[in-house]
There are 2 protein chains.
Amino acid sequence: MATGSSADDDARTLHQQVLARLRENILLGRIEPGQALTIRGLAAELGVSAQPVREALRQLVAERALELMDNRRVRIPPMTIERFEDLIAARIVLEAEAAARAMPYVTESLIGRLEAEDAAVNTAVAERDYDRWIGANYAFHSMLYGAAGQSAFLPLIESLWLQVGPFLRRAIRTISGHYTVDRHNEALAALRRRDTMALRIAIEADIRDGIAHIGSTLIRSEALGAGTGADAVRGPSTSSGRAGVVSEAV
Amino acid sequence: MATGSSADDDARTLHQQVLARLRENILLGRIEPGQALTIRGLAAELGVSAQPVREALRQLVAERALELMDNRRVRIPPMTIERFEDLIAARIVLEAEAAARAMPYVTESLIGRLEAEDAAVNTAVAERDYDRWIGANYAFHSMLYGAAGQSAFLPLIESLWLQVGPFLRRAIRTISGHYTVDRHNEALAALRRRDTMALRIAIEADIRDGIAHIGSTLIRSEALGAGTGADAVRGPSTSSGRAGVVSEAV
DNA sequence: CATGCCGCCATGTGATCACATTTTTGCGGG
DNA sequence: CCCGCAAAAATGTGATCACATGGCGGCATG
């Protein structure tokens with residue numbers, strides 16, 4: 001428990017480990033939008049020096065998962081309705097195209113693995129397990145788009161997921177209510193028929209269904225994660241002894 | 001010459017200045033794919049310490065403009081035909097959509113500025129000025145897509161430009177020969193008529209026309225920027241006293 | 001009791017150092 | 001003349017330090 005390191009951690013650099021952990025926490029919505037993200041604080045939490053944290057934060061800023069404010073502090077970019085619709089539009093065009101381009105590489109084996117992941121999604125929904133829901137959902141999409149091998153689409157799509165991730169969790173209750181139609185099943189059916197157009201439609205519907213209701217959430221709370229300025233951005237000023245942005249030490 | 005700093009350089013951090021310079025040099029194809037990119041070397045060239053360079057390199061890796069190899073060294077990702085077609089496909093879907101979404105914000109003033117930029121493109125083509133050709137071309141597209149204000153599309157598109165940038169220059173001679181139809185004019189005409197579909201078509205045609213011929217270049221030189229491994233990646237081992245990746249000191 | 005000012009503390013930034021690893025170079029043997 | 005091995009140089013990584021900036025609370029004052 002002291003280290004919590006997985007087997008091949010030392011194969012990657014510290015900054016890569018920090019980056020992976022932060023990225024996961026952002027994607028799964030474990031980091032609250034207003035939360036203070038300080039280099040020294042995160043370094044202390046993770047038990048590393050400031051150096052790897054700095055580089056990880058820079059990388060996440062480059063991926064638009066984080067935002068560098070004028071005061072040179074880093075935060076999760078506040079969400080607005082306009083930005084959210086923008087992100088959804090980008091997700092739809094990119095992911096529909098990525099899915100279509102993956103079609104030639106779809107095998108029975110892949111469909112099987114997708115079905116397994118879809119089952120995991122459904123289980124997570126039934127159990128109200130937020131982390132696993134988002135994680136399995138991302139795994140489903142990622143597995144599909146990655147069927148064609150490494151592609152320039154993947155990092156772009158991941159960047160978009162990282163931007164919406166922090167705001168998914170708070171809309172998830174709404175989703176559970178509306179999640180009547182299983183778009184993943186429609187996508188799987190399209191894959192079995194090798195119907196590219198139906199796949200595109202299913203993907204787009206899945207994206208819209210899954211997160212379209214965040215808009216209303218946004219309207220209610222009006223600009224999640226602080227407004228345009230730097231107000232309400234900082235948590236407790238001290239970096240030690242609080243909840244913890246990351247689960248445990250690296 | 002000693003500093004070469006512009007007026008408001010001190011408003012930005014050193015790492016941002018280094019990042020901007022490296023990014024520009026990559027986008028304009030001034031950095032050769034096989035060229036050695038070492039932290040200390042770049043730091044010496046730019047007259048800064050290693051720290052800002054490290055962070056800039058990390059950010060460019062995140063944007064996929066650079067690639068982190070297994071030996072932990074950084075290079076411009078080698079280009080293959082598959083990757084190139086992938087990048088073009090991503091550019092088309094993203095930029096066509098971005099252009100369509102910009103349409104409601106198109107004003108006469110914007111069209112005027114676009115015309116000016118298009119004129120700069122044509123001048124650069126006539127004068128065989130590679131840097132200005134790419135730069136003005138990027139400015140044209142960027143200005144159009146940015147009409148709607150900040151959008152999640154912009155950084156994604158910029159990432160794609162950064163990935164193709166280093167390979168544009170060597171195909172530019174081919175382009176000059178084929179550049180008979182001015183797709184920018186078609187785009188401008190579509191903008192004047194507020195014809196979104198025509199705009200999409202013009203943008204797609206522009207992308208295809210401008211760079212589609214690189215494919216043949218790739219076939220001739222077969223995997224630009226070294227093969228799959230790490231061969232031929234390094235330039236002269238010493239970092240000082242060579243051509244210079246960046247134009248001058250920061 | 002409200003308000004504005006001042007000083008302290010935390011934070012980001014840049015530079016530098018030590019160490020492990022990789023790469024290059026030079027030399028000896030086949 | 002070519003190949004392989006060992007020494008040497010170079011590079012990336014992580015840690016730490018000094019400094020400037022900014023935010024926050026305490027304190028004096030009206």
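Predicted model only: the values in this text are computed from it and were never measured. Proteins come first, then strands; the chains are lettered A, B, ... in the order of their sequence lines, and each starts at number 1.
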Practice prompt. Select one nucleotide: of dG12(C), dG23(D), dG14(D), the one nearest the side-chain heavy atoms of R40(A).
Written response: dG12(C)
Worksheet item: Side-chain contact, heavy-atom cut-off 4.5 Å: Q51(B) with R54(B)?
Response: yes
Worksheet entry | d(CG, N71(B); P, dT11(D)) in whole Å | 13 Å
Worksheet entry | Side-chain donor/acceptor of R54(A) to base of dG14(D), under 3.5 Å | no
Item to complete: Could you check how far CE of M69(A) sits from P of dT13(C), rounded to whole Å?
Response: 11 Å
Worksheet item: For the pair made of CG in L14(A) and C1' in dA20(C), what is the distance, rounded to whole Å?
Response: 13 Å
Worksheet item: Over how many whole Å does the gap from D70(B) atom CG to dT23(C) atom C1' extend?
Response: 16 Å
Worksheet item: Does some side-chain heavy atom of D86(B) sit less than 4.5 Å from a side-chain heavy atom of R101(A)?
Response: yes
Practice prompt. Measure from the side-chain heavy atoms of T38(B) and tell me the nearest of dG12(D), dG14(C), dA18(D).
Written response: dG12(D)
Worksheet entry | Audit row: Q59(B), V61(A), side chain to side chain contact (heavy atoms under 4.5 Å, CB included) steps and yes/no | CA-CA 8 Å; Q59(B) 193 141 351; V61(A) 167; 4.3 Å; yes
Discussion item. Whole angstroms only, please: what is the CD-C1' distance between E55(B) and dG14(D)?
Written reply: 13 Å
Discussion item. Counting only side-chain heavy atoms from C-beta out, which of dA15(C), dT23(C), dA15(D) sits nearest to R73(B)?
Written reply: dT23(C)
Worksheet item: Just wondering, do L57(B) and V18(B) contact through their side chains at under 4.5 Å, heavy atoms?
Response: no
Worksheet, complete the sentence: Whole-Å distance, I39(B) CD1 to dA20(C) P, equals 18 Å
Worksheet item: Are any of R72(A)'s side-chain N or O atoms less than 4.0 Å away from OP1 or OP2 of dG14(C)?
Response: no
Response to the item:
Here the distance between atom C1' of dA20(C) and atom CD of Q51(A), to the nearest Å, is 16 Å
Discussion item. Which nucleotide wins on minimum distance to the side chain of S49(B), given the candidates dA15(C), dG14(D), dT16(D)?
Written reply: dA15(C)
Worksheet item: Any side-chain heavy atom of Q163(A) sitting closer than 4.5 Å to one from M79(A)?
Response: no
Item to complete: Please report, rounded to the nearest Å, how far the C1' atom of dG12(D) is from the CG atom of L37(B).
Response: 14 Å
